[in-house]
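These notes concern the structure reproduced below.
Source: prediction; values computed, not measured.
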Amino acid sequence: LFAALVPPREVLDDVIERVGRVEPARAPVEDASPPGRHAAWAGRRFGRRKGSQAVATLPSGPWLDLLSPFRMNIPIAKFGNVAVVDANRLTDTLENHAATWETPRLNLHGGTMLEPEGDDGAWANLAGDVDALHAIKAGVIRAAQGLQLFVDRRVFRPHLRLGRINDRTTEAYLEALLADLLEISRHDAGV
């Protein structure tokens, strides 16, 4: 069981569409012919070109394994495996407390990749009323502790997880993705 904030669906759809269109910048192809050899024979080995072999071995598929919009959220806290009775009590308590919390007005502002070390995620940073988001986190923790439930607070990050980096993801793609996430923030995509 976990608590999370879920952005509006239209925001998630916009982010997914924009991220899906990101393409890495193409690096210029350099002539790797050895000096003194004719360019037509450069790179050939037994009648085949090395370049075509290298292209054929590149992984295929998406540049980033995007999460489905149903899994995109801002995790607040994990409660572990909880009995149904305790889950219902926690849900009722959180609903009562949530009525008193300020609704944060957030927007996407840039991105974070591969941080902290060992994380394979691509994240959109959140900006705006982040203090209200921290207040919600504190309220969730207090409510759960009032019911004597264990709370794992380590999952909280003021970020929206977009997806996972895969073996096709390149540094050029991540740079293009970060640039696009900065462009989203300039258009003030509210969460």
> Considering all heavy atoms of both residues, which atom of Pro158 and which atom of Val130 are nearest to each other, and what is their separation?
Replying inline: CB-CG1, 4.2 Å

If you look only at distance, which donor and acceptor atoms sit under 3.5 Å apart when one is on a side chain in residues 73-86 and the other is two or more places apart or in another chain?
| from | atom 1 | to | atom 2 | distance (Å) |
| --- | --- | --- | --- | --- |
| Asp86 | OD1 | Arg89 | NE | 3.4 |
| Asp86 | OD1 | Arg89 | NH2 | 3.2 |

>> Is it the case that the side chains of Asn166 and Thr169 hold a donor-acceptor pair, with the cut-off being a distance below 3.5 Å and no angle test?
In response: yes

> In Å and rounded to the nearest 0.5 Å, what is the CZ to CG distance from Arg168 to Asp65?
Replying inline: 11.0 Å

> Of the options Asp14, Val22, Ile16, which is the one that meets Arg18 in a side chain to side chain contact (heavy atoms under 4.5 Å, CB included)?
Replying inline: Asp14

> Parallel, tilted or perpendicular: which describes the rings of Trp63 and Tyr173, with under 30° parallel and over 60° perpendicular?
Replying inline: parallel

>> Taking side-chain contact (heavy atoms from CB on, under 4.5 Å) as the definition, give me every residue that meets it alongside Ala138, ordered by chain and number, with sequence neighbours left out.
In response: Arg142

>> Please evaluate residues Phe156 and His134 with respect to the criterion side-chain contact (heavy atoms from CB on, under 4.5 Å), reporting the C-alpha separation (whole Å), side-chain torsions for both, the decisive distance (0.1 Å), and the verdict.
In response: CA-CA 9 Å; Phe156 176 75; His134 284 278; 3.3 Å; yes

>> Let me confirm one number: the CG-NE2 distance from Asp92 to His97, rounded to the nearest 0.5 Å.
In response: 11.0 Å

>> Run Arg161 and Asp119 through side-chain contact (heavy atoms from CB on, under 4.5 Å) and show every step you take.
In response: CA-CA 11 Å; Arg161 186 172 179 141; Asp119 181 39; 4.1 Å; yes

>> Counting neighbours of CZ on Arg71 that are heavy atoms of other residues, nucleotides or ligands and sit closer than 6.0 Å, is the number greater than 12?
In response: no

> Going through the checks in order, is the side-chain contact (heavy atoms from CB on, under 4.5 Å) test met by Asp131 and Glu102?
Replying inline: CA-CA 10 Å; Asp131 290 340; Glu102 180 184 339; over 6 Å; no

> Do Arg157 and Pro116 come within less than 4.5 Å of each other through their side chains, counting heavy atoms only?
Replying inline: yes

> Do the side chains of Ile165 and Trp123 join up, straight or via other hydrophobic residues, at under 4.5 Å, putting them in one cluster?
Replying inline: no

> Rounded to the nearest 0.5 Å, how far apart are CG of Leu160 and CG of Leu106?
Replying inline: 10.5 Å

> Considering only heavy atoms from C-beta outward, does the side chain of Leu181 approach that of Met113 to under 4.5 Å?
Replying inline: yes

> What's the shortest heavy-atom distance between Ala132 and Pro104, and which atoms?
Replying inline: CB-CB, 3.8 Å

>> Quick check: do Val15 and Leu162 have side-chain heavy atoms less than 4.5 Å from each other?
In response: yes

> Would you say Phe2 and Leu133 are hydrophobically clustered, going by side-chain heavy atoms of ILVMFWY under 4.5 Å?
Replying inline: no

> So, are Asp120 and Arg164 salt-bridged, with charged N and O less than 4.0 Å apart?
Replying inline: yes

> Nearest heavy-atom pair of Ala3 and Val140: which atoms, and what distance?
Replying inline: CB-CG1, 4.0 Å

>> Within the 4.5 Å heavy-atom criterion, are Thr112 and Glu115 side-chain neighbours or not?
In response: yes

>> If I take atom CD1 from residue Ile136 and atom OG1 from residue Thr103, how far apart are they, to the nearest 0.5 angstrom?
In response: 7.0 Å

> Got a sec: does the CZ of Arg21 have more than 12 other heavy atoms crowding it under 6.0 Å?
Replying inline: yes

>> Any non-hydrogen side-chain atom of Asn107 less than 4.5 Å from a side-chain atom of Leu126?
In response: no

> Does the side chain of Asn125 come under 3.5 Å of the side chain of His159 through a donor N or O and an acceptor N or O?
Replying inline: yes

> Do the side chains of Val155 and Leu67 join up, straight or via other hydrophobic residues, at under 4.5 Å, putting them in one cluster?
Replying inline: no

